[in-house]
Amino acid sequence: PAQFNLALAFKELGQLDRAQEAFSRYVGMQGGASSEAGRAALWELLTIQKDRKDFNAAMTTLEQILDAKASPEDVLEATYQKGDVYLLMSQSDEALRTWEGLIGMRPKQNAFRLQGLIKLGEAYEQRQEVSKAEEVYNDLAQNATSAQVRDAAKQRAQGLKQARQGKPKS
């Protein structure tokens, strides 16, 4: 934990080079992403890489987490983050494909899965893929843990269905 705490201190002080080096060293000391402590350091490393716009390194970090056969929650978060990094890299097609992978993942109520589905629904709408957007919003309406998100998704799905069928909204 001393190496991890040192890395956190460097990060707090804004010494991101030193923090990144210390987190990387800690990951190695923990045997990589297969340990919970190693994954915790990788998540910290990811935030530094994203802040520094080092997106290729961020993708490598996410692949390490995904390859580690982590918990379903870690896999959902890493998949969501991967789509987000693709979007930051202006690779919207890859982001869309990545977020599509969240559809069949469990637990269905996971916050990262739901956030990815929101972004996926918006992306489908931008591409005029109304039926796909409607399906995503129906999934959200069924699985969202927040009543506000559930209601908004249900209304959006109904609006898209009406528009697709050529009926006026009432």
Side-chain angles (χ1 to χ4, degrees), residues 23 27 32-51 53-170:
F23 280 126
V27 169
S34 59
S35 73
E36 191 172 325
R39 282 192 306 281
L42 286 170
W43 287 118
E44 292 291 337
L45 197 54
L46 177 67
T47 59
I48 292 170
Q49 292 161 338
K50 285 177 71 175
D51 288 347
K53 298 182 182 3
D54 188 356
F55 302 130
N56 290 327
M59 283 298 197
T60 300
T61 298
L62 288 166
E63 289 302 328
Q64 284 181 276
I65 294 167
L66 289 167
D67 290 345
K69 308 281 190 277
S71 70
E73 288 77 12
D74 279 343
V75 170
L76 282 159
E77 182 175 358
T79 302
Y80 168 78
Q81 293 288 349
K82 191 174 176 183
D84 196 44
V85 172
Y86 275 130
L87 203 57
L88 292 169
M89 296 169 71
S90 299
Q91 295 181 21
S92 58
D93 290 344
E94 288 300 320
L96 184 111
R97 279 192 283 279
T98 301
W99 290 327
E100 285 174 334
L102 293 169
I103 293 171
M105 292 185 178
R106 295 182 187 278
K108 296 256 184 213
Q109 292 80 22
N110 177 280
F112 289 102
R113 179 183 178 275
L114 297 172
Q115 186 62 40
L117 292 183
I118 290 168
K119 289 188 175 192
L120 181 60
E122 291 169 350
Y124 281 147
E125 283 193 71
Q126 288 175 352
R127 293 167 177 250
Q128 305 295 312
E129 296 183 48
V130 178
S131 294
K132 288 182 178 182
E134 185 183 335
E135 287 176 29
V136 168
Y137 291 131
N138 282 328
D139 185 327
L140 278 165
Q142 186 175 3
N143 293 298
T145 55
S146 153
Q148 184 179 7
V149 172
R150 197 169 38 249
D151 292 345
K154 186 184 284 187
Q155 286 178 347
R156 192 68 196 131
Q158 288 172 346
L160 290 172
K161 182 177 182 179
Q162 289 172 344
R164 192 171 42 78
Q165 294 174 343
K167 296 179 183 174
K169 292 181 188 178
S170 50

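The first residue of the sequence shown is numbered 1, and numbering continues consecutively from there. Side chains are part of it too, since the values below use all heavy atoms of this structure and drop only hydrogens, waters and symmetry mates.
Of all non-hydrogen atoms in Ser131 and Arg164, the two that sit nearest each other are OG-CD, 3.2 Å. Closest heavy-atom contact between Arg97 and Glu94: NH2-OE2, 2.6 Å. In plain terms, the two heavy atoms of Gly121 and Val136 that are nearest each other are N-CG1, 3.8 Å. The two residues Val27 and Ala41 have their closest heavy-atom pair at CG2-CB, 3.5 Å. In terms of heavy atoms, Asn138 sits closest to Ala157 at OD1-CB, 3.2 Å. Nearest heavy-atom pair across Ala153 and Ala141 is CB-N, 3.7 Å.
Note that CZ of Arg39 is 7.5 Å distant from OG of Ser34, once rounded to the nearest 0.5 Å. Atom-to-atom distance recorded for Leu140:CG and Leu117:CG is 5.0 Å, nearest 0.5 angstrom. In this structure, CG in Leu96 is found 7.0 Å from CD in Glu129, a value given to the nearest 0.5 Å. Distance check, rounded to the nearest 0.5 Å: CG of Leu88 to CZ of Phe55 gives 4.5 Å. Between the CG atom in Leu102 and the OG1 atom in Thr79 there is a gap of 5.5 Å [rounded to 0.5 Å]. Distance check: Met59 CE to Asp54 CG gives 12.0 Å after rounding to the nearest 0.5 Å.
With salt bridges taken as basic N to acidic carboxylate O contacts below 4.0 Å, one links Lys82 and Glu63. Salt bridge annotation for Lys132-Glu135: absent, with no cationic side-chain nitrogen under 4.0 angstrom from a carboxylate oxygen. Ion pairing between a basic and an acidic side chain is recognised when a charged N comes within 4.0 Å of a carboxylate O; Arg156 and Asp151 show no such pairing.
Looking at Pro107 and Leu76, their side chains come closer than 4.5 Å, going by heavy atoms from C-beta outward. Inter-residue side-chain proximity for Tyr137 and Glu125 is flagged as met; some heavy-atom pair is nearer than 4.5 Å. Within the 4.5 Å cutoff, side-chain heavy atoms of Trp99 are placed close to those of Leu87. Annotation: side chain of Leu62 is in contact with side chain of Leu46 (closest heavy-atom distance under 4.5 Å). For the pair Arg127 and Ser92, the minimum side-chain heavy-atom distance is below 4.5 Å. At a threshold of 4.5 Å between non-hydrogen side-chain atoms, the residues Arg106 and Pro72 do not count as touching.
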Discussion item. Between Ile65 and Trp43, does the side chain to side chain contact (heavy atoms under 4.5 Å, CB included) criterion hold? Intermediate values first, please.
Written reply: CA-CA 9 Å; Ile65 294 167; Trp43 287 118; 3.9 Å; yes
Item to complete: May I have the step-by-step check of side chain to side chain contact (heavy atoms under 4.5 Å, CB included) for Asn110 and Glu73, ending in yes or no?
Response: CA-CA 7 Å; Asn110 177 280; Glu73 288 77 12; 3.8 Å; yes
Discussion item. With side chain to side chain contact (heavy atoms under 4.5 Å, CB included) as the criterion, how do Val130 and Tyr124 come out once you've worked through the C-alpha distance, each side chain's angles and the decisive distance to 0.1 Å?
Written reply: CA-CA 7 Å; Val130 178; Tyr124 281 147; over 6 Å; no
Discussion item. Determine whether Asn56 and Met89 satisfy the following criterion, side chain to side chain contact (heavy atoms under 4.5 Å, CB included), listing intermediate values before the conclusion.
Written reply: CA-CA 9 Å; Asn56 290 327; Met89 296 169 71; 3.6 Å; yes
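Judged purely by atom type and a 3.5 angstrom limit, Asp84 has no side-chain atom pairing as donor or acceptor with the backbone of Tyr80. Here the side chain of Lys154 pairs no donor or acceptor atom with the backbone of Gln142 at under 3.5 angstrom. In terms of modelled atom types and a separation under 3.5 Å, the side chain of Arg113 and the main chain of Ile103 share a donor-acceptor contact. In this structure, the side chain of Asn143 engages the main chain of Asp139 through a donor-acceptor pair within 3.5 Å.
Heavy-atom contacts from other residues, nucleotides or ligands closer than 6.0 Å to CD of Gln109 number more than 12.
For the residue pair Gln81 and Lys50, a side-chain donor N or O sits within less than 3.5 Å of a side-chain acceptor on the partner.
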